[in-house]
Amino acid sequence: MRPPERRRPPRQARRVGAWTLCASLLLAGCAQPVSRPPGGAALAPPWALQALPGSEAGTRLWALERAARVPPLRYRVLVIPGSGCAGLAPLAERYFAGLLHAEVLVLHKRGVHPLDRTPPDQCPARFVQADALSTWRADARAALQAWAARPGRADAVPTVLVGISEGGELLPHLAPQVPRLAGLVLLSASGLDPRDAAHLQAQRQGAQAAWQALEQAQDGPQPDTAVVQGRSLRYWRALWHWRVAQPLIDGPWPLWQVWGDADALVPPTAYERFAAQAQSRTAPFCSHRLPQADHGLQSPQGDGVQWLWARLEQWARQPAQGWCAPRS
């Protein structure tokens with residue numbers, strides 16, 4: 001079956017300055033140079049805002065939540081988005097339209113409101129200083145624990161955990177917090193440790209000198225608060241030692257990697273290298289390459305994101321076929 005008609009998302013943005021080390025899809029980035037739409041703009045139905053606790057007293061994480069578009073409820077989808085300081089509310093209805101029988105929760109980082117439209121190169125200093133994979137992991141764990149404890153979560157509905165770009169780097173660390181976890185999806189996320197994926201991207205772009213400078217900076221005497229390539233050294237130091245590949249390979253959860261071979265932000269070599277390593281998994285694994293698709297899974301053939309959701313819908317209707325079964 002042909003993917004749905006192409007619908008191009010907002011243009012991609014780079015995680016760091018003049019060169020792309022470990023870039024992520026900034027789904028709502030670059031829309032407008034404002035922090036939040038003026039006039040108290042509200043969410044478009046059927047989406048609602050939820051405030052969930054973070055890992056420290058007094059902190060909270062905002063989430064977008066939506067009930068299944070079409071009854072019956074067959075599964076839940078928890079989404080960990082990519083980097084940046086823009087929210088997903090401006091495009092949520094279109095982006096997640098293909099999840100028909102799924103309840104959807106989209107978690108946002110500390111300091112990010114779903115209605116924010118801040119460009120990635122204008123993130124406020126408080127966000128830059130707070131942003132780090134270790135903080136994001138702790139906050140997301142606390143938020144998901146609170147979400148899972150809410151009334152109505154004791155049913156038998158399976159849950160799929162989706163990591164978009166940088167969000168994929170949290171998946172093995174969050175999986176134990178997800179009740180009735182059916183599987184993990186790496187959407188435009190290689191599965192490699194972020195330092196390894198970034199190194200491959202630097203090689204592809206001929207940016208080895210910039211990579212070496214960043215390596216020296218994160219290993220140097222400057223304080224964690226110093227900002228290098230648009231991120232604090234605290235961020236880079238956490239990334240440098242972050243482990244994703246082996247926890248994903250060792251994990252007991254079905255794993256699906258979906259990527260585009262025209263991705264400008266993550267080299268095909270990174271996807272292929274992880275896919276080769278993941279063949280040793282005891283749990284189901286499959287890797288799906290979308291020809292000519294970019295980091296947002298858009299291609300001349302159509303919208304790869306909606307194609308992916310259609311595959312999840314098929315699995316939810318016929319779970320006995322197994323994880324990422326061929327499309328009927």
Side-chain angles (χ1 to χ4, degrees), residues 3 12 15 19-25 80 82-83 133 137 160-176 181-208 211-212 215 238-299 301 304-305 307-308 311-312 315 321-327:
Q12 298 164 356
R15 177 185 288 183
W19 60 291
T20 308
L21 282 177
C22 193
S24 295
L25 176 61
I80 311 300
S83 66
L133 285 169
R137 174 180 61 189
V160 176
L161 185 59
V162 177
I164 301 174
S165 197
E166 183 196 63
E169 294 163 10
L170 268 65
L171 293 194
H173 304 278
L174 301 182
L181 181 60
L184 310 178
V185 177
L186 293 168
L187 195 165
S188 295
S190 71
L192 290 181
D193 294 348
R195 183 179 65 177
D196 294 338
H199 192 193
L200 290 173
Q201 177 71 348
Q203 288 178 331
R204 176 167 74 160
Q205 295 199 327
Q208 291 93 329
W211 171 259
Q212 291 171 2
E215 182 175 27
L239 180 146
W240 228 257
H241 302 285
W242 197 258
R243 297 294 173 260
V244 177
Q246 201 59 49
L248 283 174
I249 291 169
D250 295 341
W253 324 281
L255 177 62
W256 193 2
Q257 177 198 59
V258 182
W259 57 285
D261 64 9
D263 190 334
L265 305 183
V266 181
T269 305
Y271 294 112
E272 293 166 349
R273 182 171 298 182
F274 176 77
Q277 295 173 4
Q279 297 306 312
S280 63
R281 295 184 94 238
T282 56
F285 170 76
C286 53
S287 178
H288 197 99
R289 177 182 63 86
L290 296 178
Q292 297 181 278
D294 60 18
H295 194 62
L297 299 189
Q298 306 303 300
S299 76
Q301 287 72 45
V305 175
W307 174 89
L308 170 60
R311 295 283 294 268
L312 285 180
W315 161 79
Q321 289 189 2
W323 193 248
C324 48
R327 182 75 189 274

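Computed from a predicted model, the values in this text were never measured in an experiment.
The backbone N or O of A245 sits less than 3.5 Å from a side-chain atom of D193, completing a donor-acceptor pair. Although no hydrogens or angles enter the test, the distance criterion places no donor-acceptor pair under 3.5 Å between the side chain of R195 and the main chain of L239.
Side chains of D263 and Y271: a donor on one and an acceptor on the other come within 3.5 Å. In this structure, a donor-acceptor pair under 3.5 Å is present between the side chains of Q257 and S287. Side chains of Q246 and R243: no donor on one and acceptor on the other come within 3.5 Å. A donor-acceptor contact closer than 3.5 angstrom is absent between the side chains of Q208 and Q203.
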Problem set entry | Stepwise side-chain contact (heavy atoms from CB on, under 4.5 Å) test for L187 and L308 | CA-CA 9 Å; L187 195 165; L308 170 60; 3.6 Å; yes
For this session: Just do the side-chain contact (heavy atoms from CB on, under 4.5 Å) check on Q301 and L290 with the steps written out, would you?
Result: CA-CA 9 Å; Q301 287 72 45; L290 296 178; over 6 Å; no
For this session: Please assess L186 against V258 for the test side-chain contact (heavy atoms from CB on, under 4.5 Å), listing each intermediate value before the final yes or no.
Result: CA-CA 6 Å; L186 293 168; V258 182; over 6 Å; no
For this session: Step by step, work out the side-chain contact (heavy atoms from CB on, under 4.5 Å) result for V266 and L200.
Result: CA-CA 8 Å; V266 181; L200 290 173; over 6 Å; no
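Put simply, the residue from W315, W253, F285 that forms a side chain to side chain contact (heavy atoms under 4.5 Å, CB included) with W323 is W315.
Ring centers of W211 and H199: under 6.0 Å apart, within the cut-off.
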